[in-house]
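Numbers for residues simply follow the sequence, beginning at 1.
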Amino acid sequence: MLDKLNAIEAKYSQIEARLGASETYADPDLVAKLNKEQAELQPLVDAFRAYRRTLDAKAQAEEMMSDPELKELAQEEYQAALDNLPRLERDLQILLLPKDPNDGKNVIVEIRAGVGGEEAALFAHSLFRMYSMYAEFKRWHIEVDSASETELGGVKEIVFTVEGDGAWSRFKFESGVHRVQRVPETESGGRVHTSTVTVAVLPEMETADVQINPADIEMQVFRSSGAGGQHVNKTSSAVRLIHRPTGTVVECQQERSQFQNRDKAMRLLASRLYEAEQEKISSEYTQQRRSQVGSGMRNERIRTYNFPQGRVTDHRIGLTLYKIDQVMDGALDEIIDALAADYQAELLKEQG
């Protein structure tokens with residue numbers, strides 16, 4: 001491990017030197033490339049340097065213990081270094097884990113009402129609000145690609161894109177079945193109902209990332225419509241794409257122009273086809289817990305939101321929080337941090 005870390009630090013130093021050279025700034029593309037490489041390496045280099053400083057402090061404290069006047073102070077410094085080393089070593093092991101190549105990508109999120117009729121549609125809207133607020137906290141941008149609304153303010157289905165650095169690294173843990181237990185607004189008897197909503201999260205892929213034969217795509221255009229079938233514009237700007245070999249259907253109707261809707265629909269199609277290929281590749285590993293936590297199987301019940309008890313439970317890691325109001329207002333980091341930590345622990349275990 002030390003040889004690898006030394007090589008990474010040497011590369012980081014080379015990048016620093018090139019960024020410090022005046023001739024580098026004559027090439028803006030090179031500067032951008034070097035800045036990106038430096039930013040990717042910096043957390044690991046910082047952790048390695050902290051680890052090395054702690055090793056040095058431990059060695060110096062050992063030498064000082066031979067001096068009777070400094071022995072007590074040296075023992076304290078030695079113990080502090082000894083206590084810190086396991087944590088620093090674990091930090092380095094985690095930072096050295098293989099990176100998910102999609103972690104920096106935008107994401108496409110699909111929320112669909114499941115069992116529960118109108119109450120499921122209302123909760124699907126609540127989840128969209130929750131994710132929108134979470135994205136706002138992260139300073140990410142959300143764009144709705146398509147939505148099928150109900151008369152009572154719910155959504156049968158909504159597809160939206162979250163644009164922001166690292167969006168996939170956080171949202172990828174949200175795929176699966178979300179269960180809600182609460183008294184519906186439409187329930188006069190005060191009985192608690194159980195409903196489900198399905199969330200699917202895909203990394204947004206550019207069409208260049210996935211091989212798509214244009215001849216395999218059938219494009220249909222139609223008018224955008226709102227709740228109750230009301231047209232929100234009078235032109236056929238909405239686009240539906242059908243991928244004939246797989247039967248995959250995507251549509252986008254939120255943009256004003258047909259060209260913009262087709263462009264977004266193509267990216268959504270690329271993302272769907274990429275996901276299908278990844279599921280095919282990883283199907284033999286579906287029994288591994290890592291794949292369940294990492295990608296969130298679509299048919300897996302991953303989380304329960306119990307409003308009468310004020311709790312949210314993530315079933316994959318057995319985490320329960322009694323702060324449902326904060327979670328529904330977008331405070332998801334505590335849950336996602338725990339899922340990410342569990343995912344990393346599984347990776348470390350697999351690497352032995």
Colleague: State, to 0.1 Å, how close I336 and E174 come at their nearest heavy-atom pair, and which atoms those are.
Modeller: CG1-OE2, 4.0 Å
Colleague: Looking at OG1 of T161 and NZ of K264, how far apart are the two atoms once the value is rounded to the nearest 0.5 Å?
Modeller: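 The NZ atom of K264 is 4.5 Å from OG1 of T161, to the nearest 0.5 Å.
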Colleague: Return the minimal non-hydrogen interatomic distance between R262 and V239, and the atom names on each side.
Modeller: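 Residues R262 and V239, closest heavy atoms: N-CG2, 3.9 Å.
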Colleague: Would you please say whether a donor-acceptor pair under 3.5 Å links the side chains of R112 and T198?
Modeller: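 No, T198 and R112 have no side-chain donor paired with an acceptor closer than 3.5 Å.
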Colleague: Report whether V45 and L19 are members of the same hydrophobic cluster (ILVMFWY, side-chain heavy atoms less than 4.5 Å apart, transitive linking).
Modeller: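 Yes, one cluster joins them.
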Colleague: Compare every heavy atom of A167 with every heavy atom of N106, then report the nearest pair and how far apart it is.
Modeller: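 In this case the closest contact between N106 and A167 is CA-CB, 4.3 Å.
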Colleague: Could you walk me through whether M328 and M133 pass the side chain to side chain contact (heavy atoms under 4.5 Å, CB included) check?
Modeller: CA-CA 9 Å; M328 297 309 298; M133 295 183 75; over 6 Å; no
Colleague: What distance do E157 atom CD and E251 atom CD have between them, rounded to the nearest 0.5 Å?
Modeller: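 It comes to 7.5 Å.
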Colleague: Decide whether a cation-pi geometry holds between R240 and F222; the criteria are a distance under 6.0 Å from NZ or CZ to the six-membered ring centre and an angle within 45° of the ring axis.
Modeller: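 Yes, R240 and F222 form such a contact.
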Colleague: Can you tell me how far apart NZ (K156) and CD (E118) are? Round to the nearest 0.5 Å.
Modeller: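 The CD atom of E118 is 8.5 Å from NZ of K156, to the nearest 0.5 Å.
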Colleague: Nearest heavy-atom pair of A120 and V115: which atoms, and what distance?
Modeller: CB-O, 3.6 Å
Colleague: If the condition is side chain to side chain contact (heavy atoms under 4.5 Å, CB included), which residues does S169 pass it with, not counting sequence neighbours?
Modeller: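 Counting only residues at least two positions away or on another chain, S169 forms a side chain to side chain contact (heavy atoms under 4.5 Å, CB included) with D103.
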Colleague: Start with the C-alpha distance between L41 and F48, add both sets of side-chain angles, then the distance that settles side chain to side chain contact (heavy atoms under 4.5 Å, CB included), and finish with yes or no.
Modeller: CA-CA 11 Å; L41 293 177; F48 179 44; over 6 Å; no
Colleague: Group every Ile, Leu, Val, Met, Phe, Trp and Tyr by side-chain heavy-atom contacts under 4.5 Å, then state whether I15 and L30 land in the same group.
Modeller: yes
Colleague: Please tell me whether T320 and T313 have a donor and an acceptor in their side chains that are separated by less than 3.5 angstrom.
Modeller: yes
Colleague: Do the non-hydrogen side-chain atoms of V250 and D145 ever get within less than 4.5 Å of each other?
Modeller: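 The answer is no, as the side chains (C-beta and beyond) never meet within the 4.5 Å cut-off.
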Colleague: Could you state the interatomic distance from OG1 (T24) to CG (L34), rounded to the nearest 0.5 Å?
Modeller: 6.5 Å
Colleague: Assigning hydrophobic clusters by single linkage (Ile, Leu, Val, Met, Phe, Trp, Tyr; side-chain heavy-atom cutoff under 4.5 Å), is I242 placed with V221?
Modeller: no
Colleague: Using distance alone, with no hydrogens and no angle criterion, decide if N306 and Q181 have a side-chain donor and acceptor under 3.5 Å apart.
Modeller: yes
Colleague: Let's go through I142 and E136 carefully: what are the C-alpha distance in whole Å and the side-chain angles of both, what is the deciding distance for side chain to side chain contact (heavy atoms under 4.5 Å, CB included) to 0.1 Å, and is it a yes or a no?
Modeller: CA-CA 8 Å; I142 277 190; E136 187 177 340; over 6 Å; no
Colleague: Quick one: does S271's side chain have a donor or acceptor within less than 3.5 Å of a partner on P203's backbone?
Modeller: yes
Colleague: Enter the distance from E346:CD to Q344:CD here, rounded to the nearest 0.5 Å.
Modeller: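 The distance works out to 11.5 Å.
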Colleague: Parallel, tilted or perpendicular for Y134 and W140, by the 30°/60° rule?
Modeller: perpendicular
Colleague: Are V249 and L273 joined in one hydrophobic group, where the rule is that I, L, V, M, F, W and Y side chains link up if heavy atoms are under 4.5 Å apart?
Modeller: no
Colleague: Distance check, rounded to the nearest 0.5 Å: D333 atom CG versus K138 atom NZ?
Modeller: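 Spacing of CG (D333) from NZ (K138) equals 3.5 Å.
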Colleague: Decide yes or no for M205 and I108: does some side-chain heavy atom of the first lie under 4.5 Å from some side-chain heavy atom of the second?
Modeller: no
Colleague: Dump the intermediate steps for side chain to side chain contact (heavy atoms under 4.5 Å, CB included) on R303 and R316, then the final yes or no.
Modeller: CA-CA 8 Å; R303 194 173 298 151; R316 293 166 292 182; 3.4 Å; yes
Colleague: State plainly whether one hydrophobic cluster holds both L347 and F173, where clusters connect Ile, Leu, Val, Met, Phe, Trp and Tyr through side-chain heavy atoms under 4.5 angstrom apart.
Modeller: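 Linked within one cluster.
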